[in-house]
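One structure is given below, encoded as structure tokens.
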Amino acid sequence: MPSQKSRPTMHIPGATSHTIAPRAGRDSHEGTLRYLKAGSGAPVVLLHTVRTQAEHFRLLIPLIADRYTVYALDLPGMGYSEIVPGASYDEPAMRAGVERLLTELDLRDVTLVGESMGAVLALTTAADLPERVRRVVAVNTYDFRGGIARSGLLARVVVSGVLTPGVGPVVAGVEPKAALRKILQGGLGDKSALRADYVDELLQVGSRPGYPTVARAVYQNLPTLIAARSRYPEVKAPVHLVHGEKDWSRPSDREANKRLLPAADFTQVPKAGHFIALERPDILADLLNAVA
């Protein structure tokens, strides 16, 4: 559980916080994972994106908890999952964290719901564990060049600074509230969907010792998310691709994934941006509840 000094500031009705310990005899870079659990029914696993955490799904969880047992994971090193010095934050390492959740809790008949980076991890996890995954809902897959830098000029400057040798660690450790808010709002069609208490929660997590190192490593490894697209044709479970009309991805990016997943269903959310879980959780809930 998070320590008293790093306890989440947000509460999701009906959700409880749990942890998964590192596996005995495994790589020392494997840390404790934290997840939220709520509801009852078949399991649905929610996977967040870069610089966010399980609370990213605070609005979605209550809408689906009557029909599913919901597990919202803090990806390795993010949210309140343990920060392990020297750990990798490439796509395979983050996917390994997702697979730990499924295997350690022995989850089966799972619906994987991922947004952005989490959408890529949902698809690659489904490719690895077909016997456990029932369905994948991939929301605004983050598997194209540019990524968050397409949010706007400020995002381009910040991400470029984080990745610059020498000064990168310093830039990653400086995160003014106004800058974080502006960058995240660049992923929304409706800017008001970014609530102040969520920004405060993200800033608290960002102040954890070692978190700037994690953030920089994640940005450095974004090309591994692009490379992971090669795994999409391996997915055997039904897939539903969801995109916001104003997502950072371009039509060519979306069409490329449709070609890799020709049997997938596709929904475009009018006027929505990259963070649909913040902006239109009702649409995601309707997709999930319709097949519960």
Side-chain angles (χ1 to χ4, degrees), residues 2 18-36 45-54 56-57 71-107 110 112-130 132-133 136 138-145 147-148 159 162-163 165 168-169 172-173 202 205-206 208-232 234-235:
H18 306 265
T19 58
I20 299 173
R23 294 168 290 186
R26 297 290 180 135
D27 186 342
S28 61
H29 290 160
E30 186 175 280
T32 298
L33 296 174
R34 175 251 192 177
Y35 65 95
L36 299 177
V45 172
L46 306 179
L47 304 173
H48 64 84
T49 187
V50 178
R51 191 53 191 94
T52 65
Q53 59 196 74
H56 187 75
F57 299 104
Y71 301 85
L73 177 66
D74 278 346
L75 291 169
M78 290 175 255
Y80 295 94
S81 287
E82 184 179 2
I83 295 172
V84 179
S88 173
Y89 294 98
D90 61 10
E91 186 276 331
M94 291 187 289
R95 181 185 354 128
V98 179
E99 293 179 3
R100 277 176 61 198
L101 179 76
L102 269 62
T103 56
E104 292 295 294
L105 300 183
D106 194 25
L107 302 182
V110 176
L112 289 175
V113 181
E115 183 162 87
S116 189
M117 177 175 69
V120 178
L121 298 176
L123 289 164
T124 56
T125 297
D128 276 359
L129 300 177
R132 293 184 181 272
V133 178
V136 177
V139 184
N140 289 327
T141 52
Y142 194 110
D143 52 12
F144 48 86
R145 296 191 182 279
I148 195 171
V159 173
V162 167
L163 295 176
L202 294 178
V205 164
R208 294 176 62 201
Y211 194 88
T213 299
V214 174
R216 185 166 189 256
V218 171
Y219 284 122
Q220 288 174 322
N221 282 289
L222 291 179
T224 66
L225 297 176
I226 300 172
R229 294 180 66 251
S230 65
R231 301 289 313 279
Y232 293 178
E234 301 174 36
V235 178

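Side chains are part of it too, since the values below use all heavy atoms of this structure and drop only hydrogens, waters and symmetry mates.
- The side-chain heavy atoms of Val218 and Met117, taken from C-beta on, include a pair separated by under 4.5 Å.
- The two residues Tyr89 and Pro76 make their nearest non-hydrogen contact at CE2-O, 3.2 Å.
- When side chains are defined from C-beta on, Tyr71 does not count as touching Val110, because their heavy atoms never get closer than 4.5 Å.
- Thr103 contributes atom OG1, which lies 5.5 Å from atom CZ of Arg23 (distance to the nearest 0.5 angstrom).
- In this view, Glu234 and Arg231 satisfy the side-chain hydrogen bond (donor to acceptor under 3.5 Å, both in side chains) rule, not counting sequence neighbours.
- Rounding to the nearest 0.5 Å places OG1 of Thr124 at 8.5 Å from CG of Leu225.
- One finds the OH atom of Tyr35 at 13.5 Å from the CG atom of Leu46 (value rounded to the nearest 0.5 Å).
- Counting only heavy atoms from C-beta outward, the side chains of Val98 and Leu75 approach each other to under 4.5 Å.
- Ala122 and Leu112 get closest at one heavy-atom pair: O-CD1, 3.4 Å.
- In terms of heavy atoms, Leu33 sits closest to Asp74 at CD2-O, 4.0 Å.
- Between Val84 and Glu30, every side-chain heavy-atom pair lies at or beyond the 4.5 Å cut-off.
- With a 4.5 Å cut-off on side-chain heavy atoms, Thr141 and Tyr232 count as touching.
- Side-chain atoms of Glu115 and Tyr142, non-hydrogen and from C-beta on, never get closer than 4.5 Å to each other.
- When all heavy atoms are compared, the tightest approach of Val205 to Gly79 is CG1-O, 3.5 Å.
- Between Leu47 and Met94 the shortest side-chain heavy-atom distance does not fall below 4.5 Å.
- Between Arg95 and Glu91 a salt bridge is recorded (basic side-chain N to carboxylate O distance below 4.0 Å).
- Between Arg132 and Glu99 there is no side-chain heavy-atom pair separated by less than 4.5 Å.
- For the pair Ile83 and Gly77, the tightest heavy-atom approach, listed with the atom from each and the gap, is CG1-O, 3.6 Å.
- Between Ser81 and Arg34, the shortest heavy-atom distance links the atoms OG-N, 3.0 Å.
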